[in-house]
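Here's the structure, in structure tokens; my notes come after.
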Amino acid sequence: MFYSGKRNRFMLLLVLLILLQHLLWSSGASDKNKAMVQQLQRYGIIKSTKVAEVMDSIDRGLFVPSGASPYYDSPMPIGYNATISAPHMHASCLELLEKLLQPGMRALDVGSGTGYLTACFALMVGPEGRVVGVEHIPELVASSIENIKKSAAAPQLSDGSLNIHIADGREGWPELAPYDAIHVGAAAPQIPQALIEQLKPGGRMVIPVGTLSQELKVVDKKQDGSVSIRDETSVRYVPLTSKDAQLQGN
Ligand SMILES: C[S@@+](CC[C@H](N)C(=O)[O-])C[C@H]1O[C@@H](n2cnc3c(N)ncnc32)[C@H](O)[C@@H]1O
């Protein structure tokens, strides 16, 4: 009797422990978009309510190839020697650009890849703004458009305030310049002059620069046209290069 009572208590404890572990896992791990955003807020990477709202609205799971872990805070391969950047990098870039992604503003996303950040930009600037993504791998452009069509930014693809083009991003997209915000999602050996020229006075560009060692640079263009450049943090991005060099893995 004593033995079986002890065993029952042990079994109950075991069941409670398994339940607790399940609860902690499902609410604490980055297995859901909301949990991922909350985690980035807890770590102080997302500070802005607007950035949190936008990352809540654009489900990262729609942009990450099946089989990968969309909510895990790490870059994931997307084919063609490219990656979708880690959630904390997307969040950091949105934070750095937030003031230049106000409703009605104009943004350029160079190396738009999966279209995830381009879609976030579209929600930030709203339908009265303009967002252009430029990506040189045609297959990624096609899949990014399909991803965005399933996301909360789909209406902006339909109304034409969000476009993605197949082009060499080192040349920017002069047709819609100047831009309040420019984001570059691949590391350039040096800052392309065309991108500086396409930045609006008062605008900001966030760009990883370097080869073996890379720094995320914040480029601010003043009203008189002069630029100031500062290093934000050390990073690791795929190179901003030619399509051929990328496909050959150089
Ligand atoms: C880190 S990946 C994707 C970043 C994107 N923000 C995302 O998270 O999905 C960088 C992208 O830049 C693209 N890329 C590299 N060089 C480029 C160039 N010269 N012009 C346009 N896109 C380029 C790559 O094909 C790749 O999709």
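Counting starts at 1 for both ligands and their atoms, in listed order.
- With sequence neighbours excluded, the residues that form a salt bridge (charged side-chain N to carboxylate O under 4.0 Å, His left out) with Asp231 are Lys217.
- Every salt bridge (charged side-chain N to carboxylate O under 4.0 Å, His left out) that Glu232 has, sequence neighbours left out, goes to Arg230.
- Side-chain atoms of Arg60 never come within 3.5 Å of backbone atoms of Tyr71 as a donor-acceptor pair (strictly under, hydrogens ignored).
- With sequence neighbours excluded, no residue forms a ring-ring contact (aromatic ring centres under 6.0 Å, His included) with His136.
- The aromatic rings of His90 and Tyr116 are tilted relative to each other, their planes meeting at an angle between 30° and 60°.
- Protein residues having at least one heavy atom under 4.0 Å from any atom of ligand 1 are Ala82, Thr83, Ile84, Ser85, His90, Gly111, Ser112, Gly113, Thr114, Glu135, His136, Ile137, Leu140, Ala167, Asp168, Gly169, Arg170, Gly185, Ala186, Val238, Pro239, Leu240, Thr241, Gln246, listed by chain and number.
- Glu95 places a side-chain N or O within 3.5 Å of a backbone atom of Ser48 that can act as its donor or acceptor partner.
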